[in-house]
Amino acid sequence: MPAIRSLRLRLTLWYVLLLAVILAGFSAGIYLTLRHNLYDSLDDSIRNRADTLLGVVQYDNARPTLAGRVSSGDPNAEESFVRVLDASGGVTFANSAAVEDAPVDQQALDRALLGETGTRTVTVGDETMRVRTLPIPHDDLIGGVLEVGQSQDDLSDTLQALLLILAVAYPLTLATASFGGVFLAGRALSPIDRLTGLARRISAEDLSQRLDLKLPDDEVGRLARTFDEMIARLDAAFRRQREFTADASHELRTPLTAIKGQVEVALGKPRDADSYREVIQVVNEEVDRMIRLVGSLLTLARADGGQIPTAAEAVNLPELVGAAVEQVRPAMDQRGVELQLEPGPAVTLRADEDLLLQLLLNLLDNAGRYTAPGGRVTVGWAVGNGQAEVWVRDTGEGIAPEYLPHIFERFYRVDKARSRAAGGAGLGLSICRWIAEAHGGSISVESAPGQGTAFTVTFPMGAQAAAS
Ligand code: ADP
């Protein structure tokens, strides 16, 4: 059977099927209960009549019989059956000629003569009778047999009428329920069709569209809202991606334009060796800048792709900080910035050593660049509360509160011109944050203009470095 591709149809089919089973059970229940009750009360009435008649049996030459008045006054003679038989099966009384002629059931007679009572169905004329055969006790013996019955045609008519009603009502109810089911399922599911149509129109190129269906807060409404939220997140992610690409291209174009300018000037006319050397030096610096930039971009791209698995190795933090300090000391000395190391406790982290070193170098490099000669940069670490903290503080220019929330964003620079002149593209801190988070840690900053800046990186102790 081919799969039904409409949820509406499937729902309705299941619903109708279930209803069909329930209705069938219900109808059968009604029919059987009524049938049982009707037969019960018919049997009761026959039994009562039999009891009464047994009380008025008379004997004529030791053969049981009933007084003639039992039959003559009976207005329902046609619908009742009263017959008395003697022990040899001869009819001594019958309430009508038709009853008298009705065949005698030898088996029932024999059983009654043995003292048993039985019930059977006898057709008399056009009536079907339910007849009870019972022994007539006489002086501790059985003197004969009494047959008492009543027409069961009314009962059959009633049951037949009920069957007819059920047979008509059953399909009618199912048909009505099917139409109702299709209608209700259609109503409940119509927003989903609208949702599908709208969702089809939203493409990757135009993620600004929203379903914005004014639906109540039910399953479908929540689905539509969740869908809108997802599109909004995708929209934001795509926008960030586009901005990132645009910023990256812009950053790469700047050194390329500088190189092109220098080369064109140099080629403009013949120059002496010193001039060429100067040009080559500038070109070299710009190429260095580009290498750094491309390196940062690669790191971030891999970070985004979750491609850099941070190796979890035992890292001796004091040694690592010492190495970073020694690496930046010459540049600091050259700038006239004092570099101070505040030794802390011995501590080993499980982390990716190269990434941790890159983080420290980025922070130290920033501290050096944004601190005027004569200033001081301090680096240290501490352990507490199951965490290790590393800080880099400077007495530099600081960052105004309005810029603070943005400094970890990609390509964000407080003073573009100055930062760029100092070699920054605004990617350093975003890389620092990623490295900290990839290790299950975090990075925070405290700063005030003119009062210096303090970056603090917190790592959970013993935390396994994780792939971001
Ligand atoms: P950049 O390569 O431009 O330094 P970063 O992401 O490392 O980019 O830093 C972003 C911005 O944060 C910088 O442009 C600078 O304005 C500010 N900043 C970072 N570190 C410091 C610091 N130690 N003191 C003052 N400003 C800082």
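When a ligand or atom number is given, it counts from 1 through the structure's own listing order.
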For V414, the ligand 1 atoms with a heavy-atom partner under 4.0 Å come out as 14 (O), 16 (O)

- Task: Begin with the C-alpha distance, continue with both residues' side-chain angles, and end with the deciding distance and a verdict on side-chain hydrogen bond (donor to acceptor under 3.5 Å, both in side chains) for S275 and D272.
- Result: CA-CA 6 Å; S275 304; D272 57 28; 2.7 Å; yes

The atoms of ligand 1 lying under 4.0 Å from a heavy atom of R369, numbered in the order shown, are 1 (P), 2 (O), 4 (O)

Q) Going through the checks in order, is the side-chain contact (heavy atoms from CB on, under 4.5 Å) test met by V457 and L363? A) CA-CA 10 Å; V457 190; L363 291 181; 3.8 Å; yes

(Q) Test your reading of the structure: does R413 have an N or O sitting under 3.5 Å from an N or O of ligand 1? (A) no

Note: N362, heavy atoms under 4.0 Å from ligand 1, region reported as neither

Taking only non-hydrogen atoms of G428 and a 4.0 Å limit, the atoms of ligand 1 in range are 5 (P), 6 (O), 7 (O)

Original post:
Going by atom types alone, do S45 and Q150 pair a side-chain donor with an acceptor below 3.5 Å?
Top reply: yes

Answer yes or no for G396: is there a heavy-atom contact with ligand 1 below 4.0 Å? no

Which class fits the ring pair F244 and F411: parallel under 30°, tilted 30 to 60°, perpendicular over 60°? tilted

Requested in this report: Mark yes when over 12 heavy atoms from residues, nucleotides or ligands other than E278 sit less than 6.0 Å from its CD; otherwise mark no.
Outcome: no

Pairing of E264 and K260 as salt bridge, 4.0 angstrom limit
yes

Between R292 and D365, is the closest basic N to carboxylate O distance under 4.0 Å? no

### Query
Is any N or O atom of Y370, backbone or side chain, closer than 3.5 Å to an N or O atom of ligand 1?
yes

Here the atoms of ligand 1 under 4.0 Å from any heavy atom belonging to L429 are 5 (P), 6 (O), 7 (O), 9 (O), 10 (C), 12 (O), 19 (C)

Practice task
Examine F455 against ligand 1 and note whether any of their N/O atoms are separated by less than 3.5 Å.
Solution key: no

- Salt-bridge present (D105, R111; N to O < 4.0 Å): no

Check: G398 N/O within less than 3.5 Å of ligand 1 N/O | no

Numbered in order shown, the ligand 1 atoms found under 4.0 Å of a heavy atom of Y412 are 10 (C), 11 (C)

Could you tell me whether R47 and D43 make a salt bridge, using a distance below 4.0 angstrom between a side-chain N and a carboxylate O? no

A367 heavy atoms within 4.0 Å reach ligand 1 at atoms 23 (N)

Counting from 1 in the order shown, the ligand 1 atoms closer than 4.0 Å to a non-hydrogen atom of G426 are 1 (P), 2 (O), 3 (O), 6 (O), 8 (O)

Test item, F408 contacting ligand 1 (heavy atom, 4.0 angstrom):
no

Contact region, A425 to ligand 1, non-hydrogen atoms below 4.0 Å, reads backbone

On a heavy-atom basis, the closest approach of P345 and P318 is O-CG, 3.9 Å

Original post:
Do any nitrogen or oxygen atoms of N366 come within less than 3.5 Å of a nitrogen or oxygen of ligand 1?
Top reply: yes

